[in-house]
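To start, the structure itself, in structure tokens.
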Amino acid sequence: VTLFFLSTRGLRSIPSLSQFRRLRYLWINNNKIQDLTFLIKNYCLTELYLNNNELTDISGALKHLCSLQILFLHNNELKKLGKTVKELKGMISLQTLNLFQNPLAYDPDYRLHVIYFLPSVQLLDRKLVTRRERESALHLYNPKRAWVMQSIAFGKRADTSLGTTVGSSRCTQPARRPIMPSVLKWFGNVQEMDLLCSFCRVPFEDPEDAVLVRATTRSLMEFSSVDWSKVATCQERRLENKAEEPLEKLTVQFR
């Protein structure tokens, strides 16, 4: 059994479902359930619908459901936001969560609290979680980490305070002349060319010059090919018992 549909039956309690170890989909919505201890052995649940019941506390009843992806708990009597979210923290696969029409949903920081402590949730109370909401939640519950993330730019720490914007990235050093193709003939190896290119900070006016410089400084590549149809197999070597002719190898080098 992988599916149970027990909604809208006026149920106040349900016996243990531990014998259904492969149960994945369970509808118990629109009843009068107050206790969830009957789920302690159903580790494979991926969708659980508990909305429109009389639940006041879910502590110790759902944290073992690590495979859960959809959880409906709206229109119950859940009051403690922190305690409820703590119970759901272990659900690393949880993507859809409904908690609206519970007393805890009236907390002023309710949505940001859920978004921060349950990062896997993508759809909360029928509304997609946005990137801006995740950033706001990070600023609210972990300002130090938010500051560190904001102060990182292109892999280098920038000494900027939280909320300030980084100024223009234009180089303050005097511009240097680009390397033109006419200069290339004076350098005999790639190392000297790399050294000179390190001083070049100004883009080439002519794109063809930039392509030529890059092609000249590129590492040497070599490809070799052999006609494998002329290579004798192990069986042919044993039967013919004669010296093998040297193979012809074609090698191409380019930058």
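Heavy atoms only: backbone and side chains are in, while hydrogens, waters and symmetry mates are out.
Pairing each heavy atom of A105 with each of Q101, the nearest pair is CB-N, 4.4 Å. A pairwise comparison of heavy atoms in L65 and Y43 identifies CD2-CA, 4.3 Å as the closest pair. Here the closest non-hydrogen pair linking L68 and E47 is CD1-N, 3.8 Å. Of all heavy-atom pairs between C66 and G90, the closest is SG-O, 3.9 Å. When every heavy atom of A137 is checked against every heavy atom of I115, the shortest pair comes out as CB-CG2, 4.3 Å. Residues R134 and P119 share a closest heavy-atom pair of NH1-O, 3.3 Å.
A distance-only check finds a donor-acceptor pair linking the side chain of N31 to the backbone of R9 [under 3.5 Å]. A donor-acceptor pair is defined here as one N or O able to donate and one able to accept, closer than 3.5 Å; no such pair exists between the side chain of D107 and the backbone of L81. Side chain of N102 to backbone of L55: no donor-acceptor contact under 3.5 angstrom is found. When atom types are taken as modelled, the side chain of S93 and the backbone of S67 share no donor-acceptor pair closer than 3.5 angstrom. Of the possible polar contacts, one joining the N142 side chain to the R145 backbone as a donor-acceptor pair under 3.5 Å is found. Without hydrogens or angle criteria, N76 side chain to N53 main chain gives a donor-acceptor distance under 3.5 Å.
Looking at I33 and F38, their side chains come closer than 4.5 Å, going by heavy atoms from C-beta outward. Contact check for D57 versus K80: no side-chain heavy atoms found under the 4.5 Å cut-off. You'll find the side chain of F72 stays beyond 4.5 Å of the side chain of N29, heavy atoms only. Two residues are said to be in side-chain contact when any heavy atoms from C-beta on lie closer than 4.5 Å; V114 and L88 fail this criterion. Within the 4.5 Å cutoff, no side-chain heavy atoms of L118 are placed close to those of L124. For the pair R21 and K41, the minimum side-chain heavy-atom distance is below 4.5 Å. Under the 4.5 Å side-chain criterion, counting only non-hydrogen atoms from C-beta, D125 is in contact with L99. W27 places a side-chain heavy atom less than 4.5 Å from the side chain of L3.
By the 30° and 60° cut-offs, the orientation of the rings of Y141 relative to H113 is perpendicular.
Put simply, CG on D35 and CD1 on I58 are 12.5 Å apart, with the number rounded to the nearest 0.5 Å. Taken from CG in L17 to CD1 in I40, the straight-line distance is 10.5 Å, to the nearest 0.5 Å. L6 contributes atom CG, which lies 12.0 Å from atom CG of N30 (distance to the nearest 0.5 angstrom). Expressed to the nearest 0.5 Å, how far OH of Y25 lies from CG of L45 amounts to 10.5 Å.
Defined by atom type and a distance below 3.5 Å, a donor-acceptor pair is missing between the side-chain atoms of N51 and N75. If you check the side chains of Q122 and Q95, you find no donor sitting under 3.5 Å from an acceptor.
A salt bridge does not link K83 to E87: none of the charged nitrogens lies less than 4.0 Å from a carboxylate oxygen.
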